[in-house]
Number of protein chains: 2
Amino acid sequence: MTGGTGTRGATSHDAAAGDQDRQPDQAPRRGRPKTSFLSPGLILDTAMAVIESDGPDALTFRRLGADLGANHTAVLRHFGGKDELLLALAARLMEEALDDFAAAADWRETLRSLARRTRAACLAHPGVTVVVASRTSRRAAEFQGADIVIGALLEAGFEGREAASYYRTLVDTALALSIFEASVTMLDEQAREGDHLAWQREFLTASPQKYPHLAQVAQHLADIDAEDQFENAIGLFIDAVELRAERARVRDRYRP
Amino acid sequence: MTGGTGTRGATSHDAAAGDQDRQPDQAPRRGRPKTSFLSPGLILDTAMAVIESDGPDALTFRRLGADLGANHTAVLRHFGGKDELLLALAARLMEEALDDFAAAADWRETLRSLARRTRAACLAHPGVTVVVASRTSRRAAEFQGADIVIGALLEAGFEGREAASYYRTLVDTALALSIFEASVTMLDEQAREGDHLAWQREFLTASPQKYPHLAQVAQHLADIDAEDQFENAIGLFIDAVELRAERARVRDRYRP
DNA sequence: ACCTGAACACCGTTCAAGT
DNA sequence: ACCTGAACACCGTTCAAGT
């Protein structure tokens, strides 16, 4: 029932016994560990595993303690509270998204890459994304990523103020759309059990008299692919940015 | 402490006494109300008031009961559970966004209007937006709104499949950005108490050696206005859509 | 038909106590 | 320094009972 995602035993007795097969180079002074076996990293790993296997509501200190083989209050020695834990999860998600992010040969491709990485990380952990959604700010997009994207926009031909503005638009849009898609994924999954997905049928049978335009395209609405849709949004963004970049370059040519 | 947002007394004793000054045309059979005094509408009003005044965490059945002058389990006679209540709150938020929504003279203005309405509703109730964020699907954009927006896109010159696709892109983007902005608002408000807003200063003092591009535009990043930013994103979307609409019209001229 | 009140299983957090 | 175990104030939900 507890899943068994922990790397240690499931009870505190097992945890105590574990001291005996601890690495000798760690040199525990007597038989008690002088260094803690819990660490922020291990706790975050376990938390993500719990959410992804049993859903956002399953993340409780008691469940976390059970999977870690520790008391349910032990986590509080590493995180000030649940809110702090969630903020750390949000930061980890964005770290994963931007891991090894680097500029591409083409500035358009650099922007596209950031957006795709953001989406990939959120969809890889939709449950985590939903729990931390309200604590995810663009602060998470760290300096490293910001510098690369702004570099791409400067390369495209924008001045400082515009580069800053389009940078924020891209990051916000990519992040917001990714979180939104993850939450729709989770919601649909939950609704599939009930009959809440019936609204898709309603769309197809909407009254053509009352909603003529809707009826005209209803068949196409049903089979829209989520990934195509995301690519579509990013494509629109880049097209528009490129259009304005050309104008900016022309403008600068006459006002150098 | 309980706020006093209820329209009835704060205790169940007061609620019972309230029967005596009930309207006579309601004709209560004996002294007990034959019609319930709680209604889904009243409950949702109270729930929104609670969240907006004391934050998302304040929305509990016990608090709701206190403000309504009823037992803390009475709400369960109108909503199956907390999840159902949140889904209803999400639906109400979108109803508010699309209330009296109508097509404008120009199709671009119609698209802009939908986006602005979505944002306005979310920012009018940021706390509510954050609680229901994970239960807000584009299902909420009801047939009425969908028909109008799709009509605008057909008017712009798109065929069925493209109109459907751009409709979804606009609705998803506007909704996702609005939810995101609301959650950033709530997060900043909470962080202002701590010193978590320190990252803004960090941005300004980021190493120009390690992050040259970032340093170049850091001053502009600080004073970006949120509303300008949203308008910017929608403006980019409409520019790109218009660009493609022109192409679609040219294409159709040669293949009618 | 609608509401009450007690009860149940659970939650995050605190704190004195252990090693 | 880190963890335990009991305790506290809360939570959503169930259910028999009232009117």
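The figures here come from the full heavy-atom set of this structure, side chains too, leaving out hydrogens, waters and symmetry mates. Order of the sequence lines fixes the chain letters, A, B, ..., with proteins taken first and strands second; residue numbering starts at 1 for each chain. What you see is a predicted model; the values in this text were computed from it and never measured.
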In whole Å, what is the span from the CZ atom of Phe61(B) to the C1' atom of dC10(C)? 15 Å

Electrostatic pair Arg117(B):Asp99(B) at N-O distance under 4.0 angstrom: no

Check whether any side-chain nitrogen or oxygen of Thr73(A) sits under 4.0 Å from OP1 or OP2 of dT4(D), and answer yes or no. no

Without swapping roles, check the side chain of Glu52(A) against the backbone of Val128(A) for a donor-acceptor pair under 3.5 Å. yes

Reading DNA chain C from 5' onward, which residue's closest nucleotide shows up sooner: Asp57(A) or Leu76(A)? Asp57(A)

Below 4.0 angstrom from OP1 or OP2 of dC3(C), is there any side-chain N or O of His78(B)? yes

Under the 3.5 Å rule, do the base of dT13(D) and the side chain of His72(B) count as making a donor-acceptor pair? yes

Between atom CG in Asn71(A) and atom P in dC3(D), what is the gap in whole Å? 10 Å

Distance check needed: dC10(D) C1' versus Leu59(B) CG, whole Å only. 15 Å

Nearest-Å distance for atom pair CZ/P, residues Arg77(B) and dG18(D): 16 Å

Do any N or O atoms from the side chain of Glu84(B) and from the backbone of Gly80(B) form a donor-acceptor pair under 3.5 angstrom? yes

Roughly how many Å is it from CG in Leu38(B) to P in dT19(D), rounded to a whole number? 20 Å

Rounded to the nearest angstrom, tell me the gap between atom CZ in Phe79(B) and atom P in dC3(C). 12 Å

Find the distance Arg62(A):CZ to dT4(D):P and express it as a whole number of Å. 14 Å

